[in-house]
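Okay, so here's the structure we're looking at.
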There are 2 protein chains.
Amino acid sequence: MPTSPDACAQEILDVVPVVMRTIRAEMRRHRTADLSVPQFRTLAFIDRQTDASLSDVAEHIGLTLPSMSKIVEGLVARKLVTRQTHATDRRRMMLALTARGQTALQTSREATRACLAEDLAGLTERQRETIGQAMEILRPVFTPQGEVEKQVRKIIER
Amino acid sequence: MPTSPDACAQEILDVVPVVMRTIRAEMRRHRTADLSVPQFRTLAFIDRQTDASLSDVAEHIGLTLPSMSKIVEGLVARKLVTRQTHATDRRRMMLALTARGQTALQTSREATRACLAEDLAGLTERQRETIGQAMEILRPVFTPQGEVEKQVRKIIER
DNA sequence: TATTGTTATACTCTATAACTATA
DNA sequence: TATAGTTATAGAGTATAACAATA
């Protein structure tokens, strides 16, 4: 197997959209929680980091502020997220999950994971290990980072 | 690293959307060709399989017929694809790339691949090999297949 | 003046349902 | 009657630009 950056990029470009299609389709199919991928990721981030600001979420998910604002608006309308203003800096939002939000996240996470897991059950342990390793390699490469972290990483890499 | 189907599914669910974001963003950034991911995939499929029908493309990309119809409509309007009726079965479309379509596909493919490759250049050959292997494992698992092929696979798997 | 967030606007993606044309 | 595709309609995701409120 070729290992040039170009060949690897080509593989990713071929396969990742296909996997993504399946994830979307399966999330849509679970009418219980019925979350889109961005909604799901937003809930997951707020769950990890309670009282995150809108900017925090937008940056981490990799969306613009207006896009994130709209997504959060929808989640608030569905009572999955609460939006409070920060006590001392009243420009900031403090986002948190409601009980319903936590349930929805849990339900969707498990249902989607179960569907994907079913698709993966036909593989060997060795194959799943390879996939897991690849994901762990890809994660930091494509995870958006704050400006500070980016600078730090650049400096470290020199 | 855990190798259960569930753990593997969780990894994919964490990482694939992040990679996808980057792919979309980079495709948008190349104003030369300016293709969305579905447009790109549609062009790529028609390039591989000239005179494909709309149903062929829809099934392979994993979209409904109306969705695919709309995407193709846009590509035809931009003169990247031609749409002719089949000689003997006049219900069928015969889709093909124009010269402009081939150029756009080539341009977009190379620009996006180059950007991804740049992100991957910091990895070791060994790491890229792992990614390549993982993609080759995932490809058949998530590639939509025709009904016949699905049946055949089910039978073989028994 | 800089930062945080929202509103306005516009486009693409995507689905379901209803329809047309052809076989 | 069944198949190939289009049209109608609706909603989500996304961006840029312009704006409002707060620091």
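Hydrogens, waters and symmetry mates are skipped; everything else that's a heavy atom, side chains included, is used. Fair warning: this is a prediction, and the values are worked out from it, not measured in the lab. Below, chain A is the first sequence line, B the second, and so on; all start at residue 1.
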Worked verdict on B:Asp6 versus B:Gln10 for side chain to side chain donor-acceptor pair (under 3.5 Å): CA-CA 6 Å; B:Asp6 246 39; B:Gln10 185 61 55; over 6 Å; no
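- Contact between B:Cys115 and B:Glu26 at its shortest, heavy atoms only, is CB-OE1, 3.0 Å.
- Note: CD1 (B:Ile71) to P (C:dC11) measures 17 Å, nearest angstrom.
- To the nearest angstrom, C1' of C:dG5 lies 16 Å from CD of A:Gln84.
- Look at B:Thr64 and you won't find any side-chain N or O under 4.0 angstrom from OP1 or OP2 of C:dT14.
- Taking only side-chain nitrogens and oxygens, A:Arg83 comes nearer than 4.0 Å to OP1 or OP2 of C:dT6.
- Separating the CZ atom of B:Arg29 from the P atom of D:dT14 is a distance of 16 Å, rounded to the nearest angstrom.
- By the salt bridge (Lys or Arg N to Asp or Glu O under 4.0 Å) test, B:Asp34 pairs with B:Arg31, sequence neighbours left out.
- Protein atom CE of B:Met27 is 16 Å distant from nucleotide atom P of C:dT12, rounded to whole Å.
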Criterion side chain to side chain donor-acceptor pair (under 3.5 Å) on A:Thr130 and A:Arg126, from CA distance to verdict: CA-CA 6 Å; A:Thr130 300; A:Arg126 182 74 187 76; 3.0 Å; yes
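- Contact annotation: B:Arg21 does not reach the phosphate of D:dG13 (side-chain N/O to OP1 or OP2, under 4.0 Å).
- Using a 4.0 Å cut-off on heavy atoms, the residues of residues 43-55 of chain B that approach DNA chain D are B:Ser53, B:Leu54, B:Ser55, listed by number.
- Here the closest non-hydrogen pair linking A:Ser4 and A:Ala7 is OG-N, 3.0 Å.
- Using modelled atom types, one finds no donor on one side chain facing an acceptor on the other under 3.5 Å when comparing A:Gln106 with A:Gln102.
- At D:dA15, one or more side-chain N or O atoms of A:Ser67 fall inside 4.0 Å of OP1 or OP2 (strictly under the cut-off).
- Applying the ring pair (Phe, Tyr, Trp, His ring centres under 6.0 Å) test to residues at least two apart or on different chains, none of the pairs has a partner in residues 61-81 of chain A.
- Nearest heavy atoms, A:Asp56 versus A:Gln49: OD2-NE2, 3.8 Å.
- The listed nucleotides are C:dG5, C:dT14, D:dA15; the one nearest the side chain of B:Arg28 is D:dA15.
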Extract from the structure each pairing of a protein N or O with an N or O of nucleotides 20-22 of chain D at less than 3.5 Å, listing the distance.
{"unit_1": "D:dT22", "atom_1": "OP1", "unit_2": "A:Arg90", "atom_2": "NH2", "d": "3.4"}

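- With rounding to whole Å, B:Leu65 atom CG is found 17 Å from C:dA18 atom P.
- Contact check of residues 73-82 of chain A against DNA chain D (heavy atom, cut-off under 4.0 Å) returns no residues at all.
- Between the CZ atom of B:Arg41 and the C1' atom of C:dT12 there is a distance of 15 Å, rounded to whole Å.
- As a whole-Å value, the separation of A:Lys70 NZ from C:dT7 P is 11 Å.
- Not counting sequence neighbours, the partners of B:Glu136 by the side-chain contact (heavy atoms from CB on, under 4.5 Å) test are A:Met1, A:Glu11, B:Arg139.
- Sequence order on DNA chain C of the closest nucleotides to A:Arg24 and A:Met93 puts A:Met93 first from the 5' end.
- Counting only heavy atoms from C-beta on, A:Arg92 has its side chain closest to C:dT4 among C:dT6, C:dC13, C:dT4.
- Within the model, atoms CG of B:Leu80 and CD1 of B:Ile46 stand 10.0 Å from one another, a figure rounded to the nearest 0.5 Å.
- Between the CD atom of A:Glu59 and the C1' atom of C:dT3 there is a distance of 14 Å, rounded to whole Å.
- Heavy-atom minimum distance, A:Arg128 versus A:Leu120: NH1-O, 3.1 Å.
- Neither OP1 nor OP2 of D:dG5 sits under 4.0 Å from any side-chain N or O of B:Ser69.
- Between the CD1 atom in A:Ile12 and the CG atom in A:Leu138 there is a gap of 5.0 Å [rounded to 0.5 Å].
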